[in-house]
Every structure is written in C-alpha cells, then in structure tokens.
Amino acid sequence: MRTNMLNRRTEQRFRLVAITAAGSAKIRMLLCFFTLFMLFVLLNHTPSYLGWDHNISFLPKSPARYSTSRKGYALLINTWKRNDLLKKSISHYTSCPGLDSIHIVWSEPDAPSDSLVKFLNLVVQSKANNGRQIDLKFDINKEDSLNNRFKEIKDLKADAVFSIDDDIIFPCSSVELAFSVWRSAPDAMVGFVPRIHWIDQTKGNINQYVYGGWWSVWWMGRYSMVLSKAAFFHKKYLSLYTNEMPSSIREYTSKNRNCEDIAMSFLVANVTGAPPIWVKGKIYEIGSTGISSISGHTEKRTQCVNRFVAEFGHMPLVSTSVKAVDSRETWFW
C-alpha cells in the first residue's frame, strides 16, 4: 500500500516538473520571438531616428545640400538613334537629387529634332522645383567616334561626371550612393559594372593579358576595371583623355569601334596607381542591342588590353576585391 502511494507521489512530482519545464521552455521561446521582433522593429526605424529616410537615396533630396561649395554631378549620356531610350533615361535621372546638369553626347549625322529637344526641356523644367535648376545641353559632334563621349567639356560646372549609356537605368538611390563613394575618393573611377584582366598563362609571356567579363569577376572575386557605361569620374579625365593620352589609342578605338571604356580605365589607373571602386547597385536594361552583343566581342577586348599595355609601356590596371554596398539594405555587416 505504501509502495503504491509512493509511486503515485513520485509520478505526480515528475508531472509537475515536466509541466514546469514545458512552461519555462514556452516562456523562453516567447521571449526569444519577442526579442527578435523588437530587433526587427528597431532596425527598420533606426534610420529615421538618425535623421535618415529609409525610402530615399543615400543623400537627402533637399537641393540646398548642393551649394556652390558642394556641387552635384553632371550626367554624361551617350546615345545613338534611340530617342525612345534617351527620353526614358532623361525622365528618370532628372528625379535624382544630386543631378546638376545633363550633357547628351550626340554623334548622329542629323541634328536632334525640335520635338526631341522640346520634350527633354519640358521634362527638365517639370523637375525645376524649390529653386532647383538642371542644365540640359546637346554636345554635337561632326564625326561619329566612340571618343566623343570623353571629349573635354569646357563649361562643366560640377567636378563629378556620371557617365552612362542610354540603354541602362539605375535607381536614384544607387546613383547617390555611388556619388557619395566617389566624393570620398574623387580621383578614383567609381562604377557599377566591373571587369577583370589577368596574365595569359597559355602564351608563356607575362606581358600578354586576357580580358574577362562579369562571369570572370564572379568566379575570381576580383576586378580591375569599372566600365564607363555606368561610372563616376572627375571631369579632369575628360581633358586628359582628349589632350594628353596618346592619340594612337584614340585612333585605335575610333577605327575598331570598341574599347574607349578600357582606354579610360587605363588612363585613370595610370594617374592614380590605384584600383577603381565597384558599387553594388540594381541595374535595369531597357535596350536589347549594343557592341557587346556582337560575336567576338571578348576577343577584341583582349586585343585592346594588350595594345594599350604596349602603348602605355606597362600594365597600369590594379585589381582589387573591394565592393561598396549600402549597409541599410544588408542584414549583416
């Protein structure tokens, strides 16, 4: 009889312990979920507490930020017989808060139509609020050459140049992030489209190189160029490209209709002795054709790299693995 009573008491104690343990586990689980929830809320509201707006670009939209002592950037856009894409691009970038002026590189045989000029001016005027004014100019060229996109612009007010093609669009937040990175290193080339070079081991010659596209960058985890189809650089490089770089390089790019962007990367690297800076950003392609879609494009780019090495007398490009990202859009540092 006593044995049965002891067994029942023991069983009750075990049940009580089990219930208490289960309750403690539930409480710990609830506390854990509550802690995670509070962290999520704080992370999403921290920018507002610090005076940032989570939904706007890296820099505030107030035009007062860009006074005469701290200018914005000039948009240098290259186009060719794609007025519909040009209209979309200009309509988008005029919304970016740091934009100071727009320079359209025009190398077509016919001058821009009155309807195109009128449309673009109306777009720019529609964004001229709060005293903000954006200059719009067509840089007309008599001959069709890829070098036209890097011709010196005498009346350029801003120091920063954002070189872009008419068939790709980046959100203003990405553009402003890249602009802020460039301001921290104004001699560097800062862009969104990285490329790489490496020594061609198959040739048995350390002076022979290979040009690699995006997949090579992804595989190696390194890059040595950012393409001027989407990059910031100082306006002084327009003058250096036009007046100081060997004319044989400009002649080569004009004749082969390729590699003016590689030539600019060589020029900047030769001046700085440092690598460019790749900024992570979303890219939206609104066009479907271009030089890069032509067969044999990569092989021609490899030829350009080796030709430019010979012209410069050495390989100026410097590779790196550094990438600038917007920490507000990443979970972990």
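It should be emphasised that the depicted structure is a prediction, and the values quoted were computed from it without experimental measurement.
Summarising the geometry of Thr94 relative to Ile134, their closest heavy-atom pair is O-CD1, 3.9 Å, with the distance given to 0.1 Å. Taking each heavy atom of Glu152 and Lys154 in turn, the nearest pair found is OE1-NZ, 3.5 Å. In terms of heavy atoms, Ser216 sits closest to Gly212 at OG-CA, 3.7 Å. Ile196 and Met220 get closest at one heavy-atom pair: CG1-SD, 4.1 Å. Across all their heavy atoms, Lys157 and Lys235 have their closest contact at O-NZ, 3.9 Å. Heavy atoms only, all atoms of each residue included: Glu176 and Cys96 are closest at OE2-CB, 3.7 Å.
For the ring pair (Phe, Tyr, Trp, His ring centres under 6.0 Å) criterion with Trp278, the lone passing option out of Tyr223, Phe192, Trp218 is Tyr223. Tested against Tyr211 for a side-chain contact (heavy atoms from CB on, under 4.5 Å), the candidates His197, Gln303, Met225, Glu299 yield a single pass: Met225. Across Asp165, Asp166, Asp139, Asp144, a single residue satisfies salt bridge (Lys or Arg N to Asp or Glu O under 4.0 Å) together with Arg149, and that is Asp165. Checking Ile164, Leu75, Ile286, Ile104 one by one against Ser89, the side-chain contact (heavy atoms from CB on, under 4.5 Å) holds for a single residue, Ile286.
A salt bridge is absent between Asp261 and Lys229: the closest approach of a Lys/Arg side-chain nitrogen to an acidic carboxylate oxygen does not fall below 4.0 angstrom.
In this structure, His314 and Phe312 have perpendicular ring planes: the angle between them is above 60°, well past the 30° mark.
Summarising the geometry, atom CG belonging to Asn78 is positioned 7.5 Å from atom OG belonging to Ser163; distances are rounded to the nearest 0.5 Å. To the nearest 0.5 Å, the span separating CE on Met315 from OG on Ser224 amounts to 7.0 Å. A distance of 9.0 Å separates OG1 of Thr79 from CG of Asp167, quoted to the nearest 0.5 Å. The distance from atom CE of Met264 to atom CD1 of Ile249, rounded to the nearest 0.5 Å, is 11.5 Å. A distance of 10.5 Å separates CD of Glu260 from OG of Ser254, quoted to the nearest 0.5 Å. Annotation: the span from Leu85 atom CG to Ile90 atom CD1 amounts to 11.5 Å, rounded to 0.5 Å.
Side-chain polar atoms of Asn258 and Thr253 form no donor-acceptor pair below 3.5 angstrom. Using modelled atom types and a 3.5 Å distance limit, the side chains of Asp159 and Tyr73 yield no donor-acceptor pair. A donor-acceptor contact closer than 3.5 angstrom links the side chains of Lys151 and Asn141.
Hydrophobic clustering, with ILVMFWY side chains joined whenever heavy atoms are under 4.5 angstrom apart, keeps Val318 apart from Tyr237. Neither Leu122 nor Leu120 shares a network with the other; the hydrophobic side chains, linked directly or stepwise wherever heavy atoms of I, L, V, M, F, W or Y lie under 4.5 Å apart, form separate groups for each. At a threshold of 4.5 Å between side-chain heavy atoms, the hydrophobic network of Ile, Leu, Val, Met, Phe, Trp and Tyr places Leu86 and Trp80 in two separate groups.
For Asp114, the CG atom counts as loosely surrounded, since its 6.0 Å shell holds 12 or fewer non-hydrogen atoms of other residues, nucleotides or ligands.
Put simply, the side chain of Lys300 does not reach to within 4.5 Å of the side chain of Asn256, judged on heavy atoms. For the pair Val190/Phe233, no side-chain contact is recorded, criterion being any heavy-atom separation below 4.5 Å from C-beta on. In this structure, Ser265 and Val226 have side chains that are not in contact, with every pair of non-hydrogen atoms separated by 4.5 Å or more. Annotation: side chain of Phe308 is in contact with side chain of Cys304 (closest heavy-atom distance under 4.5 Å). The side-chain heavy atoms of Val305 and Tyr209, taken from C-beta on, include a pair separated by under 4.5 Å. Val210 places none of its side-chain heavy atoms less than 4.5 Å from the side chain of Thr298. Residues Val124 and Ile102 have side chains in contact (heavy-atom distance under 4.5 Å, counting atoms from C-beta outward). Put simply, the side chain of Arg250 reaches to within 4.5 Å of the side chain of Tyr241, judged on heavy atoms.
The ring pair (Phe, Tyr, Trp, His ring centres under 6.0 Å) analysis of residues 102-124, with sequence neighbours excluded, yields the pairs Trp106-Phe138. Sorted by first and then second residue, the salt bridge (charged side-chain N to carboxylate O under 4.0 Å, His left out) pairs involving residues 305-319 (not counting sequence neighbours) are Arg307-Glu311.
Ring centers of Phe170 and Tyr284: at least 6.0 Å apart, outside the cut-off.
Under a 3.5 Å cut-off, the side chain of Thr320 and the backbone N or O of Arg222 do not form any donor-acceptor pair. Formation of a donor-acceptor pair under 3.5 Å by the Thr242 side chain with backbone atoms of Ser239 is not found in this model. Judged purely by atom type and a 3.5 angstrom limit, Ser113 uses its side chain to pair as donor or acceptor with the backbone of Leu116. At distances below 3.5 Å, at least one donor-acceptor pair connects side-chain atoms of Glu108 with backbone N or O atoms of Lys81. Asn121 places a side-chain N or O within donor-acceptor distance of the main-chain N or O of Val117, the cut-off being under 3.5 Å. Although no hydrogens or angles enter the test, the distance criterion places no donor-acceptor pair under 3.5 Å between the side chain of Ser101 and the main chain of Ala74.
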| task | Please test Tyr93 against Val175 for side-chain contact (heavy atoms from CB on, under 4.5 Å), starting from the C-alpha separation and ending with a verdict. | result | CA-CA 9 Å; Tyr93 289 115; Val175 177; 4.0 Å; yes
| field | Stepwise side-chain contact (heavy atoms from CB on, under 4.5 Å) test for Val181 and Phe232 | value | CA-CA 9 Å; Val181 173; Phe232 278 92; over 6 Å; no
| query | What's the verdict on side-chain contact (heavy atoms from CB on, under 4.5 Å) for Val105 and Ile77, showing C-alpha distance, side-chain angles and the deciding distance? | reply | CA-CA 6 Å; Val105 181; Ile77 186 166; over 6 Å; no
| Can Lys280 and Asp326 be said to form a salt bridge (charged side-chain N to carboxylate O under 4.0 Å, His left out), step by step? | CA-CA 8 Å; Lys280 183 181 179 181; Asp326 189 340; over 6 Å; no
| request: Might you work through the ring-ring contact (aromatic ring centres under 6.0 Å, His included) test for Phe179 and Phe162, ending with a clear yes or no? | output: CA-CA 8 Å; Phe179 180 42; Phe162 181 41; 9.5 Å; no
| Residues Gln208, Val309; criterion side-chain contact (heavy atoms from CB on, under 4.5 Å); working and verdict | CA-CA 9 Å; Gln208 291 295 308; Val309 169; over 6 Å; no
